[in-house]
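Some notes on the structure that comes next.
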Number of protein chains: 2
Amino acid sequence: MSKGTVGGGGTTMLRRINVAAVLDAVRRSAPAPLRVAELVERTGLARPTVAQAVDELLDAGWLQQHGPDSADRSLGRPAIRVSLRGRAAPVLGLDVGPHRVTVGVSDLAGRKLSLVRRSGPGWTAQELLGVIGEVINEALAEAEVPAEDIAAVVAASPGIVDEHTGRVQLVPSVPGWSAIDLIKHVRGLLDCPVMLDNDANLAALAIAAARGGTGTLLAVQWGERLGAGIVIDGRLHRGTGAAGEIGFIATDTDDVINPEDSRGPLERAVGSEAIAALGRQAALDNPKSRLAELGGEQLDTADVFAAAAERDPVAQAVVQQVARTFARALAPSVLVLDPTAVVIGGGVARAGAVLLDAISDQLRLLTLNHPKLELSALAEDAVVTGAMRMALDEVWQRKLPTPAMTSTT
Amino acid sequence: MSKGTVGGGGTTMLRRINVAAVLDAVRRSAPAPLRVAELVERTGLARPTVAQAVDELLDAGWLQQHGPDSADRSLGRPAIRVSLRGRAAPVLGLDVGPHRVTVGVSDLAGRKLSLVRRSGPGWTAQELLGVIGEVINEALAEAEVPAEDIAAVVAASPGIVDEHTGRVQLVPSVPGWSAIDLIKHVRGLLDCPVMLDNDANLAALAIAAARGGTGTLLAVQWGERLGAGIVIDGRLHRGTGAAGEIGFIATDTDDVINPEDSRGPLERAVGSEAIAALGRQAALDNPKSRLAELGGEQLDTADVFAAAAERDPVAQAVVQQVARTFARALAPSVLVLDPTAVVIGGGVARAGAVLLDAISDQLRLLTLNHPKLELSALAEDAVVTGAMRMALDEVWQRKLPTPAMTSTT
DNA sequence: GTATTTACGAACGCTCGCTATCTATACTGT
DNA sequence: ACAGTATAGATAGCGAGCGTTCGTAAATAC
């Protein structure tokens, strides 16, 4: 009649804690292999304890043993070294966009095993499900990971995502997408925990992980639409579920959110489409400008920034206006959040320094502590990377025995 | 030659963990006393373990024993009940304003033991230090707590506070205040950890604690100046140190922050002084209005709201304008943070429903998820209460053995 | 080939928590 | 008033785990 009370504290919990401590120490130094002596030092445990834990973890498949490596020749008997066995629990990240599906498979140690991207011209919701399945299989094959090994999946979807039910609201681009239960579908393909989150959130997570360290990060995804993810000390801030929806910030003193419209005022004002439209108008008004030369009839967002980079005053004026509108919209949030850094990603980020400097100048006039303003180094992989990252976090949180006390109330 | 590595895991750490679990269980149900059987249930530990832990905690003075209480008559041998011995580690909260010093002493269980307030007409920095000392002694005497028992102190100061150095920047009201090392001074009076924080932050902490539960809270302090504190799942968000400075949000499309000016655009637009000024102007323009009647020459902020509550259209127009400006300034942050609730405190909060409804109407037009909009129930005690709360958190975090693993990177 | 250095492995003793049993105390029913 | 019962507290024995100590293995240095 074992009561089955997990979480109470007997000596077996002590063992679990210590094993977890060892595993955690190995994880922290991944992918570098560690000697037992180093583990002893890092965990503060006694050698036999660590040795026993390592044995256990080797048996369970979490660690792998390395032969004494050639380079590390020193005095005395060579030490056995262990490292994370990444294949123990690989994870899968999924980025679903209206025109593109990306799947990444990652090591337990965070090494990317495969990354498969497929583009297409506007799928229907049903077609999309099929494509997702195919791309997942492709990525698994490339990573040489059997489907049943996958330990966790995180999927990214545009729109506002309800963390718990896994439903998506407010998706404009794919008709019928919000009716689909993506989580259920993926769980049908891969029998493991599946989570769904906003793409801007996941991109933010990836960027935060890449920058490392603590602090507050505001990561803006700026393309046709505008969204932002907030990461505070490594953890996502979700609010009640719709945090970071900067696209709906009002830009004009008379702006009002129209619940029917899936795009917000700021998106309409400075989304990539709007920038292109501004550029076209400016080109029409100044037919002799470099901007008009570059762009022609189907002038693009990129043309605007290219012309501005070449110091065309007409294009510079457009960029100035965009930067000003964006900075004025973002400044209140910067004041309130006081982030360590603001990182801009997404399609518009390709504009580069031209835009960044203009925003920086404007933001400096409107804030107290001026956060670092950067461009995302991850480009289009940010979302998948963030999804894999979150899946990894999930696995670790599940496998590393609970930090002792997480009572109710 | 004990290596002194605390944090590693022997059986003695197990004991510490379990003792902490018991103490934590008692704390959670404070101030209600608990029977040992209840502790067994809540901690999941065995009875002898709990009994031993209780003995230890009784010896150490953290718990006190209650006789079997009269009301609780039931079958069987009456149980011994234990509760937190609040006097084991009382804490002190300190609210320093330009015209008022407030000191509160609190139980370990969160019971208020004393609260002393002293007002004066604009002290100098030096005088202020003297007053602080006097009021602290008064509060200690009233609480019947010797100074050396105080386990932690948290002081609240207006302005932006550097958490680590304890220095204050940007304080307008008290000349020379930012040069004072308040922490050092208080530590001279009371030999214990002393922390300093922004008053809006601490008020937010108190309000969050009063509301209970998790989620994101945006607590606005609205008086002559405007500040806000952000509490996410019970923990303060500080950003790089200046989070929540909503007073500096631009209200006009041409507004710019002037680093020389200690007040920001929003404060100048809707701070209590500005509201009074708007009221006076409106009264001049409409001498026959109820507003003009009520206020006369030295028309006050309160008069504006009073007249508006009596449905005076002139006053209502002023309130409408204030609400609109405030809501437009706050909306971006509400979109980004997506808080569970927005609570308004400070002097202007006395306006009541008139203002709240007007803001709510405006905010509804500008946000996606509409947070609950409430008035602070704590009134002027919010800051001291929050300071005591934070001091308590500090004590608990220090005394409850660390949750096992908090290694460095 | 010997000495030295480093790491692995095994045995012992200690502390701790859990299970089970026994004693103490007060209410309840006849 | 007295026996019965239900609940709480105290004690003994058992098992598990960690830490310390000692002995052994495997490499390098001289």
Side-chain angles (χ1 to χ4, degrees), chain A residues 1-22 33-58 63 65-82 401 404-405, chain B residues 1-22 33-58 63 65-82 401 404-405:
Chain A
M1 304 219 182
S2 58
K3 235 181 70 186
T5 327
V6 185
T11 54
T12 108
M13 182 179 94
L14 223 191
R15 190 193 44 122
R16 284 217 323 230
I17 290 177
N18 284 335
V19 170
V22 170
L34 282 176
R35 300 177 309 156
V36 176
E38 290 171 312
L39 284 172
V40 168
E41 199 175 336
R42 296 188 190 203
T43 59
L45 301 173
R47 183 185 296 273
T49 309
V50 173
Q52 201 173 341
V54 166
D55 276 352
E56 211 165 303
L57 288 167
L58 281 170
L63 297 184
Q65 200 162 338
H66 292 242
D69 200 13
S70 49
D72 184 41
R73 298 267 141 221
S74 74
L75 225 64
R77 174 177 175 174
I80 290 174
R81 297 170 315 144
V82 291
M405 53 206 73
Chain B
M1 304 252 173
S2 58
K3 236 180 69 183
T5 326
V6 185
T11 55
T12 108
M13 183 182 91
L14 226 192
R15 190 192 44 121
R16 283 216 325 228
I17 289 178
N18 285 333
V19 171
V22 169
L34 281 177
R35 301 177 307 155
V36 175
E38 290 172 313
L39 283 172
V40 168
E41 199 174 336
R42 296 188 189 202
T43 57
L45 302 173
R47 183 186 294 274
T49 310
V50 173
Q52 201 173 342
V54 166
D55 277 351
E56 211 166 303
L57 288 167
L58 282 170
L63 298 184
Q65 200 163 339
H66 292 244
D69 200 11
S70 49
D72 185 41
R73 295 271 141 217
S74 74
L75 226 63
R77 175 175 174 173
I80 290 174
R81 298 171 314 145
V82 293
M405 49 208 72

Next item on the list: Identify the residue among Thr49(B), Leu45(B), Val22(B) that makes a side-chain contact (heavy atoms from CB on, under 4.5 Å) with Leu39(B).
Entry: Val22(B)
Item checked: Glu56(A) atom CD, over 12 foreign heavy atoms within 6.0 Å -> yes
Next item on the list: Write down the distance between CZ (Arg16(A)) and C1' (dG17(C)), rounded to a whole number of angstrom.
Entry: 15 Å
Item checked: Protein-nucleotide distance (Glu56(B), atom CD; dC16(C), atom C1'), rounded to Å -> 12 Å
Note to self: In whole Å, I'd like the distance from the CE atom of Met13(B) to the C1' atom of dG17(C).
What the structure shows: 14 Å
Check: What distance do Arg47(B) atom CZ and Glu41(B) atom CD have between them, rounded to the nearest 0.5 Å?
Finding: 11.0 Å
Item checked: Intermediate values then yes/no, side-chain contact (heavy atoms from CB on, under 4.5 Å), Asn18(A) and Thr43(A) -> CA-CA 8 Å; Asn18(A) 284 335; Thr43(A) 59; over 6 Å; no
Note to self: Strictly below 4.0 Å: does Thr11(A) bring a side-chain N or O up to OP1 or OP2 of dC16(C)?
What the structure shows: no
Checklist line | Rounded interatomic separation in angstrom, taking CD from Gln52(B) and P from dG9(D) | finding: 15 Å
Margin query: Closest approach to the side chain of Arg35(B), judged atom by atom: which nucleotide of dG17(C), dG17(D), dA8(D) is it?
Written below: dA8(D)
For nucleotides 8-11 of chain C, tabulate all protein N/O to nucleotide N/O atom pairs closer than 3.5 Å, reporting atom names and distance.
from   : atom 1 : to       : atom 2 : distance (Å)
dC8(C) : OP1    : Ile80(A) : N      : 3.1
dC8(C) : OP2    : Arg47(A) : NH1    : 3.2

Checklist line | Spacing of CG belonging to Leu63(A) relative to CZ belonging to Arg81(A), to within rounding of 0.5 Å | finding: 13.5 Å
Next item on the list: Go through the steps for Ile17(B) and Ile17(A) under the test side-chain contact (heavy atoms from CB on, under 4.5 Å), then give the verdict.
Entry: CA-CA 11 Å; Ile17(B) 289 178; Ile17(A) 290 177; 4.1 Å; yes
Note to self: In this structure, how many angstroms lie between the P atom of dG17(C) and the CZ atom of Arg15(A), rounded?
What the structure shows: 17 Å
Item checked: Rounded distance (Å) that lies between atom P of dC18(D) and atom CG of Asn18(A) -> 5 Å
Notebook entry, point to check: Whole Å only: how far is the CG atom of Leu39(B) from the P atom of dG17(C)?
Noted result: 15 Å
